[in-house]
*Asks:* 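Before anything else, here's the structure in question.
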Number of protein chains: 2
Amino acid sequence: MNRMPVAERREQLVEAALAVASRDGIEAATVRAVAAEAGVSLGVVHYCFQDKDELLRAMAHAITERNAVQGLDQIPAGLPVETVLEAAIGALWASITGTRGSQLLSYELTTSSLRHPELNQVAAEQYRGQWTTAQQVLEVVGRAGNVRWLVPTEELARVVVAVVDGYSLAWLVDDNAEAALRGLQGFGTYLATLTVPVEGLSDDAVLPVPAGA
Amino acid sequence: MNRMPVAERREQLVEAALAVASRDGIEAATVRAVAAEAGVSLGVVHYCFQDKDELLRAMAHAITERNAVQGLDQIPAGLPVETVLEAAIGALWASITGTRGSQLLSYELTTSSLRHPELNQVAAEQYRGQWTTAQQVLEVVGRAGNVRWLVPTEELARVVVAVVDGYSLAWLVDDNAEAALRGLQGFGTYLATLTVPVEGLSDDAVLPVPAGA
DNA sequence: CATTGACCTGGGCGGTTGTCCAAGTCAAGT
DNA sequence: ACTTGACTTGGACAACCGCCCAGGTCAATG
């Protein structure tokens with residue numbers, strides 16, 4: 001096998017761990033399985049990571065980062081907020097149903113983190129990421145729909161994450177993507193009732209908007 | 001140790017498994033740990049259960065049954081539906097936050113079931129139970145508040161379960177019970193907007209109500 | 001009292017796990 | 001060319017896992 005610096009090897013191993021765990025579950029992500037997936041002999045893993053836990057933490061960090069970067073910029077602007085929400089929810093749901101293994105792995109990581117002290121930070125970091133992402137989406141949606149939220153976006157973000165999490169879990173169990181999407185869209189129309197249109201330009205002070213739009 | 005018929009021993013072992021898994025996680029519920037918890041030697045477990053999986057299935061069945069029997073009858077009647085919902089949600093949330101280990105175990109069982117074919121039915125059964133329970137609660141609430149639901153309770157039940165699940169998971173992670181309860185009560189006021197008061201007796205045909213009320 | 005059979009014991013078996021380590025390999029610097 | 005040190009190898013280790021089984025115990029039955 002070809003040699004490479006430890007930093008690069010670490011990335012490769014994290015990728016391999018992500019592949020194994022997404023496909024076969026977090027329990028199947030043994031040191032041996034990850035090494036085999038990466039095409040690397042057993043010792044390499046403990047040469048690059050002190051622990052198996054350190055590898056799992058790196059994997060969790062990677063999956064959290066990956067979820068956060070989702071396309072914020074392809075939300076259409078200049079449309080009614082109901083339409084904007086519907087489009088955003090549709091895109092979000094498509095990206096969820098397209099990565100079933102990763103979604104399931106996220107829940108496995110959450111429960112594992114809550115049980116094992118050595119993974120203590122994982123779940124909290126995951127949720128912080130989801131909340132800030134949801135908040136950013138809400139603010140982008142507000143600007144795109146030219147509305148102001150009646151409830152602080154920080155509070156709303158927690159609702160959104162809870163509802164999306166709940167529907168994702170239900171979908172993983174019953175495999176009924178259409179019913180879940182219908183429910184989510186219903187939640188979207190409810191969200192739309194929590195907005196008021198921004199009429200005058202004088203309202204800009206309420207919700208600070210970067211000049212670069 | 002005192003002897004007992006296998007049926008009774010099975011119940012005791014299921015109880016022990018539930019105790020171990022709730023306290024230390026589903027991975028810690030090994031055959032040895034369950035036997036030790038029950039104060040029984042190793043072989044007894046395989047004398048009462050064919051598999052470890054059969055023991056876990058029995059444990060999952062027990063926890064599902066236990067969640068379903070929650071007090072449906074202590075919902076106050078003759079009050080505005082908003083008040084009824086608030087009371088019901090408060091009671092539900094208290095029973096959730098009072099059993100942290102069991103809640104976490106439920107999520108662990110769900111993910112395990114989705115990964116391992118030998119536990120295939122567990123998650124589905126769990127969700128069927130939750131949905132029907134939620135539907136029953138909704139109908140009781142409707143009768144107690146003297147209102148009719150604008151959306152079929154079967155559909156609404158799925159929403160309720162998703163939202164409660166999502167908030168429970170968030171609470172397990174950030175341990176902020178007050179924020180979660182506030183969010184749930186907000187969801188309750190939204191639910192109240194999906195009802196219309198039952199005015200005339202002629203409306204009884206729409207929503208069949210048993211004579212015994 | 002003798003016997004039967006349900007129930008219990010505790011050690012052993014093969015397999016998998018995380019971790020470690022002595023030895024080997026190879027590109028880069030002198 | 002040779003030395004150095006980063007990187008790789010593959011086997012060994014103890015601990016734990018689910019499962020099995022030959023044998024022991026004891027209440028109930030004849």
*Asks:* Just N and O in the side chain of B:Ser41: are any of them under 4.0 Å from OP1 or OP2 of C:dC8?
*Replies:*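 Checking C:dC8 against B:Ser41, no side-chain N or O comes under 4.0 Å of OP1 or OP2.
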*Asks:* Measure the spacing between OG of B:Ser112 and CD of A:Glu27 and express it to the nearest 0.5 Å.
*Replies:*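 If we round to the nearest 0.5 Å, B:Ser112:OG and A:Glu27:CD are 5.5 Å apart.
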*Asks:* Measure from CD on B:Glu27 to P on C:dT17 and round the result to the nearest Å.
*Replies:*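 So the CD-P distance, B:Glu27 to C:dT17, works out to 13 Å.
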*Asks:* OP1 or OP2 of D:dC19 less than 4.0 angstrom from a side-chain nitrogen or oxygen of B:Arg32, does that happen here?
*Replies:*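 Indeed not, no polar side-chain atom of B:Arg32 lies that close.
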*Asks:* From the set D:dC17, D:dT8, C:dC7, return the single nucleotide nearest to any side-chain atom of B:Pro5.
*Replies:*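 The nucleotide sitting nearest to the side chain is C:dC7.
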*Asks:* Side-chain donor-acceptor pair under 3.5 Å between B:Thr189 and B:Glu82, yes or no?
*Replies:*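 No donor-acceptor contact under 3.5 Å links the two side chains.
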*Asks:* Which one, C:dT19, C:dT9, C:dC8, comes nearest to the side chain of B:Met4?
*Replies:*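 So the side chain of B:Met4 is nearest to C:dC8.
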*Asks:* Closest-nucleotide mapping onto DNA chain C: is B:Gly43 or B:Val6 further toward the 5' terminus? I mean the 5' end.
*Replies:*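 The answer here is B:Val6.
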*Asks:* Grab the CG-C1' distance between A:Leu42 and C:dG24 for me, whole Å please.
*Replies:*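 In whole Å, C:dG24 C1' and A:Leu42 CG are 17 Å from each other.
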*Asks:* Tell me yes or no: between the side chains of A:Gln12 and A:Arg9, is some donor less than 3.5 Å from an acceptor?
*Replies:*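 Short answer, yes.
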*Asks:* Just how large is the angle between the end axes of the helix from C:dC1-D:dG30 to C:dT30-D:dA1, five pairs per end, to 10 degrees?
*Replies:*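 The value is 10°.
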*Asks:* Tell me the interatomic distance from A:Asp51, atom CG, to C:dT19, atom C1', rounded to whole angstroms.
*Replies:*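 After rounding, the gap between these two atoms is 9 Å.
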*Asks:* Among C:dC7, D:dT9, C:dT17, find the nucleotide with the atom closest to the side chain of B:Tyr47.
*Replies:*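 Selected nucleotide (nearest to the side chain): C:dC7.
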*Asks:* Less than 4.0 angstrom between a side-chain N/O of B:Arg9 and OP1 or OP2 of C:dA6, yes or no?
*Replies:*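 Checking B:Arg9 against C:dA6: no side-chain N or O falls below 4.0 Å of OP1 or OP2.
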*Asks:* Between B:Glu139 and B:Thr153, is any side-chain donor less than 3.5 angstrom from a side-chain acceptor?
*Replies:*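 Per modelled atom types, B:Glu139 and B:Thr153 side chains form a pair under 3.5 Å.
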*Asks:* Once you round it to whole Å, what is the distance between C1' of C:dC8 and CZ of B:Phe49?
*Replies:*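 After rounding, the gap between these two atoms is 16 Å.
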*Asks:* Strictly by modelled atom types, are A:Thr111 and B:Glu108 linked by a side-chain donor-acceptor pair under 3.5 Å?
*Replies:*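 Their side chains do not contain a donor-acceptor pair, so the 3.5 Å distance test is not met.
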*Asks:* In whole angstroms, how far is the C1' atom of C:dC7 from the CG atom of B:Asn2?
*Replies:*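 B:Asn2 atom CG is separated from C:dC7 atom C1' by 12 Å.
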*Asks:* With a 3.5 Å cut-off and just heavy-atom distances, do the side chain of B:Arg3 and the base of C:dC8 make a donor-acceptor pair?
*Replies:*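 Flag unset: no donor-acceptor pair detected.
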*Asks:* For A:Tyr190, what residues pass the ring pair (Phe, Tyr, Trp, His ring centres under 6.0 Å) criterion, not counting sequence neighbours?
*Replies:*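 Ring pair (Phe, Tyr, Trp, His ring centres under 6.0 Å) check on A:Tyr190 returns B:Tyr190.
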*Asks:* Without decimals, in angstroms, what is the distance between A:His116 NE2 and C:dT17 C1'?
*Replies:*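 After rounding, the gap between these two atoms is 14 Å.
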*Asks:* To the nearest angstrom, how far is B:Lys52 atom NZ from C:dG15 atom P?
*Replies:*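 After rounding, the reported distance stands at 19 Å.
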*Asks:* Rounded off to whole Å, could you give me the CG-to-P distance for the A:Leu55 and C:dT19 pair?
*Replies:*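 These atoms are roughly 10 Å apart.
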*Asks:* Is any side-chain heavy atom of A:Trp93 less than 4.5 Å from a side-chain heavy atom of A:Gln185?
*Replies:*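 No. Closest side-chain heavy atoms not under 4.5 Å.
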*Asks:* So which nucleotide from D:dG10, C:dG18, D:dG18 ends up closest to the side chain of B:His46?
*Replies:*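 Of all the options, the side chain of B:His46 is nearest to D:dG18.
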